[in-house]
Asks: 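What follows is a single structure, and I will ask about it in a moment.
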Amino acid sequence: DRCKRRDLQIEQMQDTIHAQGTIITALTAQSNQAESRCANALRLVAKSDTMLRSSKQQLIDQAQKTAAHTLEELARQVQQAKESARSAHKARINAEKVTET
């Protein structure tokens with residue numbers, strides 16, 4: 001009777017160990033999947049970061065080009081205004097000379 005009880009206990013322990021092994025195997029598989037997903041997510045974040053930095057640099061470059069073009073245009077307009085002012089001044093002086101004579 002004792003032997004049967006002992007054999008039954010051993011069999012129950014073996015079943016428990018087998019069940020625990022199955023659970024551990026399943027948890028390990030889930031852990032590996034989660035680790036893989038995390039690694040993929042990190043790669044996506046790094047790729048997104050690279051793309052964001054590139055886009056940011058492109059925007060900065062475009063803004064600098066636009067600003068430079070605007071400054072060049074303003075400088076051209078200022079030069080034209082100076083030339084117009086000189087011409088108007090010369091015309092006024094010439095007109096004064098004509099009216100004096």
Side-chain angles (χ1 to χ4, degrees):
D1 201 34
R2 275 178 147 180
C3 287
K4 284 183 181 180
R5 230 182 308 146
R6 183 90 166 146
D7 288 344
L8 185 60
Q9 285 177 337
I10 290 172
E11 193 175 316
Q12 287 174 343
M13 290 173 73
Q14 287 174 336
D15 289 345
T16 301
I17 290 169
H18 178 71
Q20 288 174 343
T22 302
I23 292 169
I24 289 170
T25 300
L27 290 174
T28 301
Q30 288 178 352
S31 175
N32 289 342
Q33 287 177 345
E35 187 178 350
S36 176
R37 287 185 186 131
C38 284
N40 288 339
L42 286 173
R43 280 193 287 279
L44 286 174
V45 167
K47 188 174 183 180
S48 296
D49 185 53
T50 300
M51 290 172 63
L52 181 62
R53 288 173 194 254
S54 175
S55 296
K56 180 181 173 184
Q57 189 58 50
Q58 288 174 354
L59 287 173
I60 289 169
D61 293 346
Q62 186 60 44
Q64 287 174 338
K65 286 178 187 175
T66 301
H69 177 72
T70 301
L71 288 174
E72 289 170 2
E73 182 61 23
L74 286 173
R76 187 184 63 75
Q77 290 175 4
V78 167
Q79 188 60 35
Q80 285 179 340
K82 284 181 181 178
E83 290 171 7
S84 293
R86 281 189 202 113
S87 294
H89 181 67
K90 285 181 185 177
R92 194 188 88 224
I93 290 174
N94 288 338
E96 286 175 1
K97 286 181 184 176
V98 168
T99 54
E100 286 176 5
T101 56

Asks: When Ile, Leu, Val, Met, Phe, Trp and Tyr are grouped by side-chain heavy atoms lying under 4.5 Å apart, directly or through other members, which residues fall in the same group as Ile23?
Replies: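 Same cluster as Ile23: Leu27.
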
Asks: Report the residues that fulfil side chain to side chain contact (heavy atoms under 4.5 Å, CB included) with Ser55, sequence neighbours left out, ordered by chain and then residue number.
Replies: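 Residues passing side chain to side chain contact (heavy atoms under 4.5 Å, CB included) with Ser55: none at all.
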
Asks: Just grab all the side-chain hydrogen bond (donor to acceptor under 3.5 Å, both in side chains) pairs involving residues 23-38, residues at least two apart or on different chains.
Replies: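 Non-adjacent pairs meeting side-chain hydrogen bond (donor to acceptor under 3.5 Å, both in side chains): zero.
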
Asks: Restricting to side chain to side chain contact (heavy atoms under 4.5 Å, CB included), what partner residues turn up for Thr50, sequence neighbours left out?
Replies: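 Thr50 satisfies side chain to side chain contact (heavy atoms under 4.5 Å, CB included) with no other residue.
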
Asks: Just so I know, are the side chains of Gln79 and Glu83 near enough to count as touching, which here means a heavy-atom distance under 4.5 Å?
Replies: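 Gln79 vs Glu83: side chains touch.
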
Asks: Tell me, please, which residues at least two apart from Arg6 pass salt bridge (charged side-chain N to carboxylate O under 4.0 Å, His left out).
Replies: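 Partners of Arg6 under the salt bridge (charged side-chain N to carboxylate O under 4.0 Å, His left out) test: none.
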
Asks: Side chains of Lys56 and Ile60: closer than 4.5 Å at any heavy-atom pair?
Replies: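 A side-chain contact under 4.5 Å exists here.
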
Asks: Kindly indicate, with the supporting measurements, whether the criterion salt bridge (Lys or Arg N to Asp or Glu O under 4.0 Å) is fulfilled by Glu72 and Arg76.
Replies: CA-CA 6 Å; Glu72 289 170 2; Arg76 187 184 63 75; over 6 Å; no

Asks: Of all residues at least two apart in sequence or in a different chain, which pass the side-chain hydrogen bond (donor to acceptor under 3.5 Å, both in side chains) check with Asp61?
Replies: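 With neighbours one apart ignored, the set is Gln57.
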
Asks: Tell me, please, which residues at least two apart from Asp49 pass side-chain hydrogen bond (donor to acceptor under 3.5 Å, both in side chains).
Replies: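 For Asp49 the side-chain hydrogen bond (donor to acceptor under 3.5 Å, both in side chains) partners, ignoring immediate neighbours, are Arg53.
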
Asks: Go through the structure and list residues passing side-chain hydrogen bond (donor to acceptor under 3.5 Å, both in side chains) with Arg43, not counting sequence neighbours.
Replies: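 Testing Arg43 for side-chain hydrogen bond (donor to acceptor under 3.5 Å, both in side chains), a comparison that skips the adjacent residues, returns Asn40.
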
Asks: Who pairs with Ile93 by side chain to side chain contact (heavy atoms under 4.5 Å, CB included), at least two apart in sequence or on another chain?
Replies: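 Ile93 satisfies side chain to side chain contact (heavy atoms under 4.5 Å, CB included) with His89, Lys97 only.
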
Asks: If you round to the nearest 0.5 Å, how far is OG of Ser54 from CG of Leu59?
Replies: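 Between atom CG of Leu59 and atom OG of Ser54 there are 9.5 Å.
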
Asks: So how far is it from Asp7 CG to Arg5 CZ, rounded to the nearest 0.5 Å?
Replies: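 Reported to 0.5 Å precision, the distance equals 11.5 Å.
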
Asks: Partners of Gln77 by side-chain hydrogen bond (donor to acceptor under 3.5 Å, both in side chains), sequence neighbours excluded?
Replies: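 Once residues adjacent in sequence are excluded, the partners of Gln77 under the side-chain hydrogen bond (donor to acceptor under 3.5 Å, both in side chains) criterion are Glu73.
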
Asks: Take Gln62 and Thr66 through the test side-chain contact (heavy atoms from CB on, under 4.5 Å) and record every step on the way to the result.
Replies: CA-CA 6 Å; Gln62 186 60 44; Thr66 301; 3.5 Å; yes

